[in-house]
Amino acid sequence: MLFMMIVKASRNSEAGNPPSPELMEAMTKYNEDLVEAGVRVMAKGLHPSSDGIRISYPKPGGEPVVTEDPFEVGGLVAGFFLIDVKSREEAIEWAMRVPDPQGYGEGQVELRQVF
């Protein structure tokens, strides 16, 4: 079963504030644990939304609109882990082990099964 652990963006990640060396070490260890367990398919971080482009469809049947400005922090993604596990419960167990991905008390991880 494929699951994506979506690391939500925060004001700090959008501002480009780097995590502490301790958090970087914890994340490296977590990634090593995923690899050792044979469940990590992929893990990547994303550039802030100020480097992103959003395509929206505001009118049904209308032309898409391109937005290049930074976006509101709510709902943005800072990175992800894609894991291949045996059950939903195992996915939750791995998600519960993710270190606070922002390190500033702002971290959130959303867990979603992939079709």
### Task
Provide the closest heavy-atom pair for Leu23 versus Pro99 in the form atom of the first, atom of the second, distance.
CD1-CB, 3.8 Å
### Query
With sequence neighbours left out, what residues match Glu106 under side-chain hydrogen bond (donor to acceptor under 3.5 Å, both in side chains)?
Ser10, Asn12
Extract all donor-acceptor atom pairs below 3.5 Å that involve side chains of residues 90-97 and protein atoms in other chains or at least two apart in sequence.
residue : atom : partner : partner atom : Å
Glu90   : OE1  : Lys86   : N            : 2.9
Arg97   : NH2  : Asp33   : OD2          : 3.2

### Qualifying residues under ring pair (Phe, Tyr, Trp, His ring centres under 6.0 Å), relative to Phe80, sequence neighbours excluded
none
### Query
Honestly curious: do Val114 and Ile6 fall in one hydrophobic cluster under the side-chain, below-4.5 Å linking rule?
yes
### Message
Hydrophobic clustering (ILVMFWY, side-chain heavy atoms < 4.5 Å, transitive) - are Val7 and Leu82 grouped together?
### Response
no
### Message
With a 4.5 Å cut-off on side-chain heavy-atom distances among I, L, V, M, F, W and Y, is there a chain of contacts connecting Leu46 to Met4?
### Response
yes
### Message
In the structure I gave you, are the side-chain heavy atoms of Leu34 and Glu32 within less than 4.5 Å of one another anywhere?
### Response
no
### Message
So which atom in Asn31 and which in Arg40 form the shortest heavy-atom distance, rounded to 0.1 Å?
### Response
OD1-NH1, 2.9 Å
### Query
Between Ser13 and Ala9, is there a donor-acceptor pair closer than 3.5 Å when you use the side chain of the first and the backbone of the second?
no
### Query
Linking I/L/V/M/F/W/Y whenever their side-chain heavy atoms sit closer than 4.5 Å, directly or via other members, would Val41 and Val39 fall into one cluster?
no
### Task
Taking all non-hydrogen atoms of both residues into account, name the closest pair between Val77 and Gly79 and its distance.
CG1-O, 3.4 Å
#### Entry: Residue pairs fulfilling ring pair (Phe, Tyr, Trp, His ring centres under 6.0 Å) with at least one residue in residues 1-23, sequence neighbours excluded
none
### Message
As an exercise, state the distance from CD1 of Ile83 to CE of Met1, rounded to the nearest 0.5 Å.
### Response
10.5 Å
### Query
Distance only, no hydrogens: is a donor on one side chain within 3.5 Å (strictly under) of an acceptor on the other, for Ser49 and Glu14?
yes
### Message
Can you pull out every ring pair (Phe, Tyr, Trp, His ring centres under 6.0 Å) where at least one residue sits in residues 21-45? Sequence neighbours excluded, please.
### Response
Tyr30-Phe81
### Query
Does a side-chain heavy-atom distance below 4.5 Å link Leu2 with Gln113?
no
### Task
Kindly compute the distance separating CD (Glu68) from CD1 (Ile55), expressed to the nearest 0.5 Å.
8.5 Å
### Message
According to ring pair (Phe, Tyr, Trp, His ring centres under 6.0 Å), does anything in residues 33-54 pair up with another residue at least two apart or in another chain? List the pairs.
### Response
none
### Message
Any heavy-atom pair between the side chains of Glu110 and Met5 that's under 4.5 Å?
### Response
no
